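See structure below.
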Amino acid sequence: MGLLDFFHKPAKKLILLVEDDVPLRRFMADRLRENQIDVIETGDGNAVLKIIETHQPDGVVLDIMLPGRSGMQILAELRETDKKTPVVMLTTLSGEGGLRLEAVKQNAVFLNKADTSPDKVIETVLRHVSENS
């Protein structure tokens with residue numbers, strides 16, 4: 001690889017993965033890394049906005065039920081200053097119609113973990129990050 005190749009190498013994408021279910025988070029993080037995506041992981045709802053501000057990820061996977069603050073609160077606060085970073089919301093809650101509608105209004109993709117395999121979540125994240133690059 002020559003010097004010019006080094007400078008023209010596309011930058012890796014960075015995803016913030018926010019999930020308090022540690023085995024699920026690790027599985028999804030490993031799958032993203034297999035797809036050449038850098039990953040920052042957390043399960044702490046209070047840390048998310050600071051991580052976004054500091055690292056400016058290319059996308060966010062955000063669980064709704066988190067310790068500290070809910071994913072919906074985080075999404076609303078994020079959208080006050082950032083309307084375009086792709087966000088994929090995850091939940092296990094049933095009867096999520098109102099949550100789904102609110103997520104869509106906030107320009108986020110909404111997936112129910114009970115109806116969506118982790119591989120489908122990864123596929124959705126990869127698609128939305130590549131569409132917004």
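Please read these numbers as outputs of a predicted model, since none were measured by experiment.
The CD atom of Glu102 sits 5.0 Å away from the CE atom of Met72 when rounded to the nearest 0.5 Å. Residue Gln36 holds its CD atom at 9.0 Å from CG of Asp38, rounded to the nearest 0.5 Å. Atom CG of residue Leu78 and atom NZ of residue Lys84 lie 12.5 Å apart, to the nearest 0.5 angstrom.
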- request: Apply the test side-chain contact (heavy atoms from CB on, under 4.5 Å) to residues His55 and Leu14: give CA-CA distance (whole Å), side-chain angles for both, the deciding distance (0.1 Å), then the verdict.
  value: CA-CA 8 Å; His55 297 280; Leu14 175 64; 4.0 Å; yes
message: Test side-chain contact (heavy atoms from CB on, under 4.5 Å) on Thr91 and Phe110; report intermediate values, then the result.
response: CA-CA 8 Å; Thr91 189; Phe110 187 93; 3.4 Å; yes
Leu111 and Met89: CA distance, side-chain angles, deciding distance, side-chain contact (heavy atoms from CB on, under 4.5 Å) verdict: CA-CA 6 Å; Leu111 299 174; Met89 302 295 295; over 6 Å; no
field: Residues Ile52, Val60; criterion side-chain contact (heavy atoms from CB on, under 4.5 Å); working and verdict
entry: CA-CA 9 Å; Ile52 291 172; Val60 179; 4.1 Å; yes
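Partner of Val87 under the side-chain contact (heavy atoms from CB on, under 4.5 Å) criterion, out of Asp82, Leu75, Leu16: Leu75 alone.
At least one side-chain heavy atom of Ile122 sits less than 4.5 Å from a side-chain heavy atom of Leu126. Within the 4.5 Å cutoff, no side-chain heavy atoms of Pro57 are placed close to those of Ile15. Counting only heavy atoms from C-beta outward, the side chains of Ile64 and Leu90 never approach each other to under 4.5 Å. Side chains of Val18 and Leu66 form a contact here, defined as non-hydrogen atoms less than 4.5 Å apart. Using a 4.5 Å cut-off on side-chain heavy atoms (C-beta onward), Arg26 and Glu41 make contact. Counting heavy atoms from C-beta outward, Thr54 and Ile51 have side chains that stay 4.5 Å or more apart.
Salt bridge annotation for Asp119-Arg31: present, with a cationic side-chain nitrogen under 4.0 angstrom from a carboxylate oxygen.
In this structure, the side chain of Gln106 does not engage the main chain of Ala108 through any donor-acceptor pair within 3.5 Å. Not one N or O on the side chain of Lys120 forms a donor-acceptor pair closer than 3.5 Å with the backbone of Thr116.
Between Pro86 and His128, the closest heavy-atom pair is CG-O, 3.7 Å. Scanning both residues, Asn46 and Gly68, for their nearest heavy atoms gives ND2-CA, 3.4 Å. Closest heavy-atom contact between Ile74 and Arg69: CG1-CD, 3.5 Å. Met28 approaches Pro118 most closely through the heavy-atom pair CG-CB, 4.4 Å.
Each salt bridge (charged side-chain N to carboxylate O under 4.0 Å, His left out) pair with one or both residues in residues 57-68, not counting sequence neighbours, appears once here: Asp63-Lys113.
If you check the side chains of Gln73 and Glu77, you find no donor sitting under 3.5 Å from an acceptor.
For Arg33, the CZ atom is densely surrounded, since the number of other residues' heavy atoms within 6.0 Å is greater than 12.
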